[in-house]
Amino acid sequence: MSQVNLLPPELRERQAIRRTTSLVVAAGLAALALIGIFYFFQVQRLSQVQSDLEAQQSRNAQLESEIVSLQEFAALQAELASKEALVAQIFVNEVSWSSALLDVSRVIPDTSYLTNLTGQITATIAGEVVTEPTGGTPETTLVGNMTFAGVANQTETIVTWITRLEQVQGWVNAWVNSAQEDAPGSRIYTFSNGLDLTQEAVTERGQGVVAP
């Protein structure tokens with residue numbers, strides 16, 4: 001049995017247009033919904049990226065602050081090293097003169113006395129290497145000297161004085177500059193002499209030894 005559409009053609013055309021329009025509107029709304037969803041996720045992603053960026057910037061600022069503090073520490077270390085080097089230079093080949101005076105009091109003969117005592121240290125660069133002679137045996141390292149002037153009873157007393165001086169650790173090469181009798185037959189002599197100081201006469205600090 002066949003069906004007959006009794007609607008006028010104009011009405012059918014309007015219905016078709018409305019259906020097409022509805023489909024277009026629905027498609028447009030769906031597209032807008034998809035765009036909205038995409039925009040929402042992009043905003044969320046951008047917010048996360050922005051948060052990560054701020055966190056990284058905060059971390060970078062912290063690292064820069066740590067670098068600055070480390071640079072200050074490095075500068076202090078360099079300053080400390082410079083001062084330690086200066087102290088080492090100041091005390092290189094240091095001799096304890098109080099100990100030297102004590103040694104003098106121990107070895108000077110009873111029949112003599114000193115009128116003058118002078119000590120000096122040879123300027124040396126800290127860490128300087130002492131060369132060896134061609135034979136391969138290290139030379140005695142001389143770091144300074146001491147000179148004396150005094151009065152002694154008899155020449156034998158001066159000989160004893162010179163001999164005893166070289167018995168002190170670090171004192172070598174004792175010599176006599178002069179010995180003059182005060183008056184003929186008096187046997188009282190005014191003398192002057194000296195000796196060299198070796199590395200053995202230097203204090204531990206002067207040798208660069210750090211106390212524990």
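Keep in mind that the numbers below use all heavy atoms, side chains included, and drop hydrogens, waters and symmetry copies.
- In this structure the side chain of Ile158 reaches within 4.5 angstrom of the side chain of Val176, judged on heavy atoms.
- Atom-to-atom distance recorded for Asn193:CG and Met146:CE is 10.0 Å, nearest 0.5 angstrom.
- Asn173 and Trp175 are not linked by any side-chain donor-acceptor pair at a separation below 3.5 angstrom, with hydrogens and angles left out of the test.
- The two residues Ser96 and Ser99 come nearest to each other via the heavy atoms OG-OG, 3.0 Å.
- Not a single donor-acceptor pair under 3.5 Å links the side chain of Thr157 to the backbone N or O of Thr111.
- In this structure, the side chain of Glu166 engages the main chain of Ala174 through a donor-acceptor pair within 3.5 Å.
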Can you check side chain to side chain contact (heavy atoms under 4.5 Å, CB included) on Ile121 and Trp97, steps first, answer last?
CA-CA 11 Å; Ile121 299 300; Trp97 297 114; 3.9 Å; yes
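- Side-chain contact between Asp182 and Thr190: present, with at least one pair of heavy atoms (C-beta onward) separated by less than 4.5 Å.
- Checked by atom type, the side-chain pair Ser178/Ser192 shows a donor-acceptor distance below 3.5 Å.
- Val159 and Leu195 are not part of a single hydrophobic cluster, where members link through side-chain heavy atoms under 4.5 Å apart.
- The OG atom of Ser58 sits 11.0 Å away from the CG atom of Leu53 when rounded to the nearest 0.5 Å.
- Applying the salt bridge (charged side-chain N to carboxylate O under 4.0 Å, His left out) rule to pairs touching residues 101-112 yields Asp103-Arg106, sequence neighbours excluded.
- The OG1 atom of Thr147 sits 7.5 Å away from atom CD of Gln120, with the distance rounded to the nearest 0.5 Å.
- A donor and an acceptor atom, one from each side chain of Gln56 and Asp52, are nowhere located under 3.5 Å apart.
- Within a 6.0 Å radius of CD in Gln180, no more than 12 heavy atoms belonging to other residues, nucleotides or ligands are found.
- Hydrophobic clustering (side-chain heavy atoms under 4.5 Å, transitive across Ile, Leu, Val, Met, Phe, Trp, Tyr) groups Leu101 together with Trp161.
- Thr160 contributes a side-chain N or O that, together with a main-chain N or O of Glu156, makes up a donor-acceptor pair within less than 3.5 Å.
- To the nearest 0.5 Å, atoms OH (Tyr189) and OG (Ser112) are separated by 14.5 Å.
- In this structure, OG1 on Thr198 lies 7.5 Å from CD on Gln169, to the nearest 0.5 angstrom.
- The shortest distance between side-chain heavy atoms of Leu114 and Val104 falls below 4.5 Å.
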Working for side chain to side chain donor-acceptor pair (under 3.5 Å), residues Thr122 and Asn93:
CA-CA 8 Å; Thr122 305; Asn93 288 342; over 6 Å; no
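- Atom CD1 of Ile188 is separated from atom CD of Gln154 by 8.0 Å, given to the nearest 0.5 angstrom.
- Residues Arg164 and Val107 share a closest heavy-atom pair of CD-O, 2.9 Å.
- Note: Phe148 and Trp171 have tilted aromatic rings, judged against thresholds of 30 and 60 degrees for the angle between ring planes.
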